[in-house]
Structures are given as structure tokens and as C-alpha cells.
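As C-alpha cells, the structure follows; a few thoughts come after it.
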Amino acid sequence: MIVGILGGGQLGRMLAMAGYPLGLRFRTLDPSAGAPAGHLTEQYVDDFTDTEALSRFAVGLDLVTYEFENVPVDSAKFLQRRVAVYPPPGALETSQDRLVEKSFFQRLGIPTPPFVRVDSWNDLENAIASIGLPALLKTRRFGYDGKGQYVLETEEDAVLAWQTLGGVPLIFENKIGFEREVSILAARSTTGETRCYPLIENHHEKGMLRLSLAPAPNLSEALQKPAEAYATRVLDELHYAGILAIEFFVLDGKLYANEMAPRVHNSGHWTIEGAQTSQFENHLRAISGMPLGTTDMKGCAAMVNIIGTLPDRRAVLSLPDAHLHLYGKAPRPNRKLGHITLSCASVEARHNQLGQLQKLIEFQLS
Ligand code: AMP
């Protein structure tokens, strides 16, 4: 079976690495010749919007998936007329627009921060009056890793943000004074079988994911159960196949959905060593209709992203529970170059080794 992957980044690379033992083969499409998955897969270097290139790409494929959520929906639909595409393009459509996405959550009874659409300065003034400050003003489309958004504490901030962002469709959201940020990863197969991983606690620096702890510390059924119920609702509504990630804020023990990603997710990289079945393997099992693997943890895990500069490999590997994953990318500021997973038998061992890791990579342990 040959699986086509739209996007040739590290997520595509890790999908391929998980899929070879299952007897799958891979072809990736990415506009960049040096994309990380290209080293390991049959590589097509073309634009996502070039329909002739898409037709060439589709020849001989059994399935298409994507590892990049800004794949043009029209391209996914174009391919769908030739070969099965999972997750369904409708999931892409929903997640690419923050307003559509939050309205979708709302329709399914999944709590979100209060939000309102902003298309004009007048809308922004009304939003401040109705929802209040502090708030976030975000572009509806093409925002990632905290880009395309401003925190508004005062009305002056709103003027400055409007000068930069005004002119494109926006969303205004109440700023949630969250206690922590968590994510759930859930898999649904083409047969409807569904499994969820334990909630993960995520820490960001400069808008980028830096550290994930799995399971989220002090995780209770009171948090895990609603997260699973919300994820299942989204999966069923979208007739989904594959891995879906939903990010939440936690405030007063309640979950508020921020966004979802219809793909394997950075906060789930620890599953490669830390879970019985990795998110990458379960994504492939799900889209090809194979039974899903159990999502139980082997112990506890932490994942630290390597951003901008490479750490000393020997020093990282001297930590007994560390697993190093480098994506084959050249170092550049704010670029995700790899990650390190600590897969540990105990929370104490994880804490000790995270402390050691902090001497090698500068990250906050809050
Ligand atoms: P996003 O691009 O929506 O994932 O936002 C990036 C980060 O900004 C999130 O991980 C949060 O730390 C913060 N953030 C986004 N939206 C809100 C909100 N409504 N309230 C509080 N913090 C937020």
C-alpha cells in the first residue's frame, strides 16, 4: 500500500518511520526539495496548488493524508476525486478558519473562550464593549505558533493591533486567565473505532511549544472524561479518520477549547517511546482501516522541543531515559530542529532528568 503525504516536514518523516514496519510505502509532496521527509520517502517537489502536479502525485497511491493543516482545501478535494483522502477535507476546512472552528465547537456544546468576529474597526469597538479587555485579536486564517495575533490589554493596544492586522478577517477572543494548557490526541479509524491518549500538559515559549508532560500532572477523570467526550464528538461529527489534536485552556477545573489540528501533533511526539502505540502508527492504522493500537502509557513521559540550535548529542544521550529525534534540518533561529523524549518509570526520574536536560537546553520548568 502506498500512502501519499501532503507536506514533507518532520511530521511526514515520523509518519513514514512508523509506517515502514507496517508494510506501507510513502510518497511526499512538498514545495521544498530539502524537506525532512524527503530523505526517507519518494519525494515530489511541487506546489500544493498545481493541479497537474497533484494528478501526477496521485498516480498509484492507495491513500492520501496530510501533515500540514494549511494544505489548500481545494487541493485536498481535487485529490479526493482520484484517491481516498483522510482526515476528510471537511476537517481541514473547519480548522483553517478560527471563527469557523470556534463556532463548530460551540455548536457541538464544547466550551470555548467568548469570541466574536471582527471585520471592521467598528466591530472591534463593539467587541471591546461586549466581551471586554484583556483579549486577543487574531487573524482567522494562517496563524500558527502565536503568529498573527495580538494581546490587547488597553484600548491603545487595540489601535496598534488594528494598524497591523486590520484588513483581513479577524476574531476577537476573551483572554482566559488559564491555570494551564492541555491537549488531547484522539484516533478514529475508518471503521469508527476510537481511542484517546491521556491529556498532555503543554508549555509554550514565544508562542512555540517547548515542553509537554504526559500524562498532564494531577490528571483526574474529571478532566480526562470531558476531554474524551469532546474529542469523540468532533471525530464523529466530521466522520473523521486519523489522529486529531484539540488544545484546551484549563480554568477552575474546566476545559475551554482553543483550537484543533486535523493531523498528528507536536504535543504527541512522546508517544513514540512513551505509549504502547505511537500517534504516528495509530494515524496510519486509522486511515487504512486497520485495528487501532492501545493508547496506554508505558510510564510517564516528557518531550522537549529542540529549537534554533542543536544540543550536544553525547550529553543528551548520557541521560538514561532520553531519546533523541533530529529532523535533518539546518539550525536557524526559532526553527524546530528536533525533540527529546524522556520516557521514564516514575515522575521522580522524569523530574531529575528534566533538570539535567535544562543544563543542555534552555527551557522553563514552571
Ligand atoms: P493559538 O495560536 O490560538 O494557539 O495561541 C497561541 C497561544 O496564545 C496559546 O497557546 C495561548 O498561550 C495564548 N492564547 C491564545 N488564545 C488565548 C485566549 N483566548 N486566552 C488566553 N490565552 C490565549
Side-chain angles (χ1 to χ4, degrees), residues 11 68-70 91-92 94-106 110-118 123-124 127-128 130-154 157-158 160-161 164-165 168-185 199-214 216 223 227 230-231 234 244-269 303-305 307 334 336 339 363-366:
L11 301 177
F68 166 62
E69 77 262 32
N70 284 328
L92 269 182
T94 308
S95 64
Q96 283 180 357
D97 182 322
R98 292 182 192 275
L99 182 71
V100 173
E101 181 180 56
K102 287 224 162 59
S103 308
F104 173 77
F105 287 142
Q106 206 173 42
I110 301 171
T112 66
F115 64 92
V116 67
R117 145 194 219 139
V118 168
D123 288 346
L124 182 52
I128 294 172
S130 62
I131 294 183
L133 295 174
L136 280 97
L137 188 63
K138 305 179 179 176
T139 57
R140 280 170 51 183
R141 297 174 65 84
F142 303 122
Y144 66 99
D145 288 344
K147 294 187 176 65
Q149 57 178 266
Y150 281 86
V151 177
L152 313 183
E153 302 283 350
T154 63
D157 292 342
L160 289 176
T164 318
L165 298 182
V168 297
L170 301 171
I171 181 171
F172 180 98
E173 293 176 16
N174 179 236
K175 186 175 178 215
I176 298 277
F178 56 79
E179 289 137 22
R180 54 176 170 165
E181 294 185 79
V182 298
S183 55
I184 188 149
L185 269 65
L199 274 167
I200 304 148
E201 181 176 301
N202 298 316
H203 297 261
H204 298 86
E205 286 174 20
K206 291 193 223 146
M208 292 176 89
L209 181 67
R210 185 56 149 167
L211 168 69
S212 291
L213 299 173
L223 217 53
Y230 297 154
V234 171
L244 170 89
I246 309 181
E247 297 182 55
F248 298 97
F249 304 124
V250 182
L251 176 63
D252 296 331
K254 284 217 178 97
L255 296 168
Y256 296 85
N258 178 33
E259 60 182 1
M260 65 182 200
R263 54 168 171 78
V264 287
H265 195 253
N266 195 170
S267 69
H269 290 358
M303 190 272 336
V304 178
N305 269 336
I307 302 173
N334 299 324
K336 287 179 187 169
H339 71 268
F363 64 91
Q364 306 293 322
L365 247 188
S366 47

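Atoms within a ligand are numbered from 1 in the order they appear, just like the ligands themselves.
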### Query
Would you say L211 and E205 make side-chain contact, with heavy atoms under 4.5 Å?
no
### Task
State, yes or no, whether a side-chain contact exists between I110 and F104 at a heavy-atom distance under 4.5 Å.
no
### Message
On a heavy-atom basis, I'd like to know which of R98, E101, E181, H204 is closest to atom 12 (O) of ligand 1.
### Response
E181
### Query
Hey, are the side chains of E173 and T112 touching, using non-hydrogen atoms and a 4.5 Å cut-off?
no
### Query
Of all residues at least two apart in sequence or in a different chain, which pass the ring pair (Phe, Tyr, Trp, His ring centres under 6.0 Å) check with Y230?
none
### Query
So which pairs with a foot in residues 247-260 pass salt bridge (Lys or Arg N to Asp or Glu O under 4.0 Å), sequence neighbours left out?
R98-E259
### Message
With nothing but distance in play, are any N or O atoms of I176 less than 3.5 Å from an N or O of ligand 1?
### Response
yes
### Message
List ligand 1 atoms under 4.0 Å from K138, heavy atoms only on the residue side.
### Response
3 (O), 15 (C), 16 (N)
### Query
So which heavy atom on L255 is nearest to which on L223, and how close?
CD1-O, 3.6 Å
### Message
Quick one: does any side-chain atom of E101 pair with a main-chain N or O of Q96 as donor and acceptor, under 3.5 Å?
### Response
no
### Task
Mark the output for Y256 as yes if a heavy-atom distance to ligand 1 is under 4.0 Å, and as no if none is.
no
### Task
Could you tell me whether some N/O pair between Q149 and ligand 1 is separated by less than 3.5 angstrom?
yes
### Query
Would you call N202 a ligand 1 contact, heavy-atom distance under 4.0 Å?
no
#### Entry: Region of K175 engaging ligand 1 - heavy atom pairs below 4.0 Å
both
### Task
For N174, counting its heavy atoms only, list the atoms of ligand 1 lying under 4.0 Å from any of them.
18 (C), 19 (N), 20 (N)
### Message
With heavy-atom distances below 4.0 Å as the criterion, list the atoms of ligand 1 near E259.
### Response
1 (P), 3 (O), 4 (O)
